[in-house]
Protein chains: 2
Amino acid sequence: MSYSTRQREVILNVLRQAGRPLTPQDIRQQASQDSAGIGLATVYRALKTFIAEEVIVPVEIPGASPCYEPADRGHHHHFICQQCQRVFDLTGCVHGLEALAPQDFCVQRHEIVLYGVCACCTEGRGSEVEASTDQDLHSLHK
Amino acid sequence: MSYSTRQREVILNVLRQAGRPLTPQDIRQQASQDSAGIGLATVYRALKTFIAEEVIVPVEIPGASPCYEPADRGHHHHFICQQCQRVFDLTGCVHGLEALAPQDFCVQRHEIVLYGVCACCTEGRGSEVEASTDQDLHSLHK
DNA sequence: ATATCAAATAAGAATCATTCTCAAATAAAA
DNA sequence: TTTTATTTGAGAATGATTCTTATTTGATAT
């Protein structure tokens, strides 16, 4: 049903090696290094296919363009830096969310998004990081 | 600084009379009844102004286009029924959200969205409600 | 009431992300 | 290797949002 092409392998690798959710543009830029001239449409098509196959999941952040990450990272939430616009993975969750809904409402899942300024941007070196796209929360935070 | 025009009054009225967050298109459509030929750009400009004046707030739901509601409803979150797609206002919040981010990240605000099935749809009468668009949580839940 | 000036308007052009189209290239199957 | 279905790249098409510009309108001071 679905062919395995060089472009798709590259796209999946890019997503797996990034420590944070990536936008289609991020992906295209990264993938260009391994597969020159890859088209944006190809990225979008591959993303759609991978989502259907449940290999990746979309991360839809209000106020930012949608990005994507591998589906095997388990339950977690996200932080978006208001300055560099990058999205970071968070670990952990909170309890008591179901209590916000009336008793006769059935809560199936939830999303939490934190907005603020990441460590890089707080330190006033946000611009120098802007070019980098594959740093994850942990490498930034250690 | 900011003029009060007929178009803006109409737009604000539409938002206040709706019991749920509206999209710019919703607003334009509603406002057309009171102010024929109102432009979409005008709606967007008015929304931007109202947001700057903190008269309304954007409601950014992951996976849905952004919508807007009056700001005087206080801090609250939203519930989306997976069946009828309506957005409900929730009351209350949870603590400990800042703890999800690393210490050197500055958390400024947050969004919580619960997904599930509302009381109406649980009772198997979701379809009959689908047409209604201006019911809020309280009228449904009382 | 009128003149003045700043702000807002409508319409359409511009922009940006995403999807679509189609001929050419490529992967899998025969 | 030949056949057939799928994927690709390039650019056109779409849809949402923002911008531009000439014109209109609201507020303010006569």
Side-chain angles (χ1 to χ4, degrees), chain A residues 1-15 18 20-53 55-69 78 80 82 84-87 130 133, chain B residues 1-15 21-69 85 87:
Chain A
M1 282 292 160
S2 161
Y3 289 178
S4 165
T5 67
R6 188 171 45 82
Q7 288 91 335
R8 290 190 180 180
E9 287 168 15
V10 169
I11 289 169
L12 201 50
N13 270 338
V14 166
L15 281 167
R20 62 189 186 87
L22 299 180
T23 65
Q25 285 77 3
D26 289 338
I27 296 166
R28 175 202 160 94
Q29 189 178 354
Q30 286 292 310
S32 294
Q33 302 179 358
D34 295 309
S35 179
I38 191 170
L40 241 190
T42 299
V43 173
Y44 279 102
R45 274 183 301 237
L47 290 175
K48 184 184 276 187
T49 302
F50 289 147
I51 290 170
E53 293 170 351
V55 173
I56 68 173
V57 293
V59 176
E60 292 162 328
I61 301 291
S65 39
C67 43
Y68 305 84
E69 67 184 352
H78 298 94
I80 178 167
Q82 304 279 37
C84 64
Q85 303 300 315
R86 286 186 299 174
V87 175
E130 209 131 3
T133 61
Chain B
M1 283 289 159
S2 160
Y3 289 175
S4 165
T5 66
R6 189 170 45 82
Q7 289 90 337
R8 291 192 178 181
E9 286 169 16
V10 170
I11 289 169
L12 203 48
N13 269 338
V14 166
L15 280 167
L22 299 180
T23 65
Q25 284 78 4
D26 289 338
I27 296 166
R28 174 202 162 94
Q29 189 177 355
Q30 287 292 310
S32 294
Q33 302 179 358
D34 296 309
S35 179
I38 191 171
L40 241 191
T42 299
V43 174
Y44 279 104
R45 272 183 304 239
L47 290 176
K48 183 184 274 186
T49 302
F50 289 147
I51 289 171
E53 294 170 350
E54 299 187 326
V55 173
I56 68 172
V57 293
V59 176
E60 293 162 328
I61 301 290
S65 41
C67 42
Y68 305 84
E69 68 183 355
Q85 303 300 317
V87 177

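Convention: sequence-line order gives letters A, B, ...; per-chain numbering from 1.
- Under the side-chain hydrogen bond (donor to acceptor under 3.5 Å, both in side chains) criterion, A:Ser32 pairs with no residue, sequence neighbours left out.
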For nucleotides 23-30 of chain D, tabulate all protein N/O to nucleotide N/O atom pairs closer than 3.5 Å, reporting atom names and distance.
residue : atom : partner : partner atom : Å
D:dG26  : N2   : B:Tyr3  : OH           : 3.1

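- When the C1' atom of D:dA16 is taken as reference, atom OH of B:Tyr68 falls 11 Å away, rounded to whole Å.
- Rounded to an integer number of Å, the gap from CG of B:Leu47 to P of C:dT9 is 11 Å.
- A straight line from CD of A:Gln29 to C1' of C:dA17 spans 16 Å, rounded to a whole angstrom.
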Any N/O pairs under 3.5 Å between the protein and nucleotides 19-24 of chain C? List them or say none.
none

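- For the pair A:Val87/A:Leu22, no side-chain contact is recorded, criterion being any heavy-atom separation below 4.5 Å from C-beta on.
- Rounded to the nearest 0.5 angstrom, B:Arg8 CZ and B:Asn13 CG are separated by 14.5 Å.
- Rounded to an integer number of Å, the gap from A:Gln7 CD to C:dA25 C1' is 10 Å.
- Nearer to the 5' terminus of DNA chain C, by closest-nucleotide assignment, is the contact made by B:Val43 (compared with the other of A:Gln25 and B:Val43).
- Annotation: side-chain hydrogen bond (donor to acceptor under 3.5 Å, both in side chains) contacts of B:Gln7 (sequence neighbours excluded): none.
- In this structure, the side-chain contact (heavy atoms from CB on, under 4.5 Å) partners of B:Val57, at least two apart in sequence or on a different chain, are B:Glu69, B:Ala71.
- Across all their heavy atoms, B:Asp34 and B:Arg6 have their closest contact at O-NH1, 4.0 Å.
- Straight-line distance from the CZ atom of A:Arg28 to the C1' atom of C:dC16: 14 Å, rounded to whole Å.
- Looking at B:Thr49, its side chain does come within 3.5 Å of a backbone N or O of B:Arg45 through a donor-acceptor pair.
- The CD atom of A:Glu60 sits 17 Å away from the P atom of C:dA17 (whole-angstrom rounding).
- Among residues two or more places apart in sequence or in another chain, the side-chain contact (heavy atoms from CB on, under 4.5 Å) test is passed with B:Thr23 by B:Gln25, B:Asp26, B:Ser65, B:Cys67.
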